[in-house]
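Inspection log for the structure reproduced underneath, given as structure tokens.
Start at 1 and go down the list; that is how both ligands and their atoms are numbered.
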Amino acid sequence: MTRTTRVIDGKAAAQRVRDELKREVDARVARGLRRPGLATVLVGDDPASAVYVRNKRKGAEECGLVSVHIPLPTSTTTDELLAVVRRLNADDAVDGILVQLPLPRHIDEHAVLMAVAADKDVDGFHPDNVARLTMGVPEALVPCTPLGCLRLLVDEGVALSGARAVVVGRSNIVGKPMAALLLGKNATVTIAHSRTRELAAVCREADVLVAAVGRAMMLGRDHVKDGAVVIDVGINRTADGKLVGDVDWDAIQGVASAATPVPGGVGPMTIAMLLQNTLTAHGRRLGVTMTT
Ligand code: NDP
């Protein structure tokens with residue numbers, strides 16, 4: 001009997017999260033708390049980065065957050081950017097600080113990311129937050145994309161405890177935190193990467209397969225166990241301008257039990273999780289938990 005692969009609708013899931021967050025912001029404001037604030041810092045005039053930041057600010061405003069935007073010229077030095085970050089660290093009205101990447105080459109990106117106060121690090125890149133996630137302590141601010149992937153799996157009702165999970169990709173932004181989150185849900189986790197031997201066989205072990213590679217449609221039918229759930233983080237543009245994931249969508253139909261499409265899967269969740277992290281930071285800084 002042929003199976004139908006369920007489409008995991010990231011757009012709808014992200015909208016649900018945004019609605020929840022808006023209700024939460026309204027509830028906090030009704031209790032007399034100040035609105036959560038998200039500061040975005042954009043250095044230079046890269047058009048793609050400008051679009052990402054605009055969408056993040058728009059999302060923040062729609063949820064009732066205060067959006068503070070700091071555009072800086074390409075010529076900004078590392079010291080000047082560090083001074084901006086320190087000012088935002090000291091600003092009580094700012095709960096989350098997002099420095100849009102990539103930064104111009106002459107800026108010391110590592111120094112800048114390390115300078116963001118850990119309790120305002122809504123990207124989850126600071127070593128304190130990485131350590132907290134690895135240690136499984138609840139105070140971690142977790143990178144937005146893997147947090148969004150986990151939320152999709154949880155919303156889909158995927159049983160993670162005891163499941164075999166394979167994460168393909170080991171970046172600090174996606175692969176490693178994804179593996180830590182799945183381990184935190186008691187999955188048995190394998191991280192695969194460019195040196196992994198017999199990748200297809202490793203992937204076929206997975207009940208949950210997460211692809212975070214950045215290679216168009218590299219995972220196909222041979223990589224997916226019958227009935228597996230597939231989360232495709234990849235965003236790749238083909239020669240004819242089409243956006244595709246790391247997974248060959250057509251090839252896994254009828255094999256995977258459920259999968260995220262590209263676009264419309266993981267992508268929309270990333271901004272929703274940034275907004276969630278800002279509310280988490282706001283709540284912690286003011287000593288409140290979710291009220292709705
Ligand atoms: P990186 O380039 O930092 O990491 C890619 C990983 O894939 C590396 O660990 C690399 O292994 C591994 N890899 C490369 N080639 C192979 C191969 N042939 N077989 C197995 N593993 C391989 O990418 P990111 O983690 O930043 O991003 C991954 C993808 O996710 C990209 O397409 C990116 O655009 C997308 N993305 C999407 C987001 C969203 O919001 N939806 C957000 C962030 C990223 P090694 O370490 O050995 O080099």
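Here OG1 of T270 is found 8.5 Å from NZ of K56. Values are rounded to the nearest 0.5 Å. In this structure, CG on L141 lies 11.0 Å from NE2 on H126, to the nearest 0.5 angstrom.
Nearest non-hydrogen protein atom to atom 2 (O) of ligand 1 is V213 O, 4.3 Å. For atom 21 (N) of ligand 1, the closest non-hydrogen atom of the protein is H193 C, 3.1 Å. The protein atom (non-hydrogen) at minimum distance from atom 44 (C) of ligand 1 is V174 CG2, 4.0 Å. Protein heavy atom nearest atom 40 (O) of ligand 1, with residue, atom name and distance: T270 OG1, 2.8 Å. Ranking protein heavy atoms by distance to atom 19 (N) of ligand 1, first place goes to M218 CE, 3.6 Å. The nearest heavy-atom contact from the protein to atom 46 (O) of ligand 1 is R170 NE, 2.7 Å. For atom 15 (N) of ligand 1, the closest heavy atom belonging to the protein is R215 NE, 3.3 Å. Counting protein heavy atoms only, atom 29 (C) of ligand 1 is closest to G214 N, 3.7 Å.
Checked for salt-bridge contact, R215 and D246 miss the test: no charged N lies under 4.0 Å from a carboxylate O. The existence of a salt bridge linking R3 and D226 is confirmed by a sub-4.0 Å separation between a basic side-chain nitrogen and an acidic carboxylate oxygen. The residues D26 and K22 are annotated as salt-bridged, a charged nitrogen and a carboxylate oxygen being separated by less than 4.0 angstrom.
For a threshold of 3.5 Å applied to N or O pairs, the pair formed by S171 and ligand 1 contains at least one separation below that value. For ligand 1, the polar-atom distance check against I173 finds no nitrogen or oxygen pair separated by under 3.5 Å.
Remark: side-chain polar atoms of N277 are paired, donor with acceptor, to backbone N or O of V142 under 3.5 angstrom.
Residue-ligand proximity, A212 to ligand 1, at heavy-atom distances under 4.0 Å covers atoms 5 (C), 6 (C), 7 (O), 28 (C).
Distances from ligand 1 to the non-hydrogen atoms of A192 include no value under 4.0 Å. At a 4.0 Å cut-off, at least one heavy atom of T145 sits close enough to ligand 1 to count as contact. Taking 4.0 Å as the cut-off, G267 counts as a neighbour of ligand 1 on heavy-atom distance. Using a non-hydrogen distance threshold of 4.0 Å, V233 registers as a contact of ligand 1. Heavy-atom distances between M269 and ligand 1 stay at or above 4.0 Å for every pair.
Other residues, nucleotides and ligands place more than 12 heavy atoms under 6.0 Å from the NE2 atom of H106.
For atom 11 (O) of ligand 1, the candidate residues are S194, G169, A216, P177; the nearest heavy-atom contact is made by S194.
Inspection of the D79 and T77 side chains reveals no N or O donor paired with an N or O acceptor under 3.5 Å. Side chain to side chain, R86 and N89 fail the donor-acceptor criterion of an N or O pair below 3.5 Å. Using modelled atom types and a 3.5 Å distance limit, the side chains of R35 and H282 yield no donor-acceptor pair.
Each of T145, V99, L98 was compared with D123 under the side chain to side chain contact (heavy atoms under 4.5 Å, CB included) criterion, and only L98 meets it.
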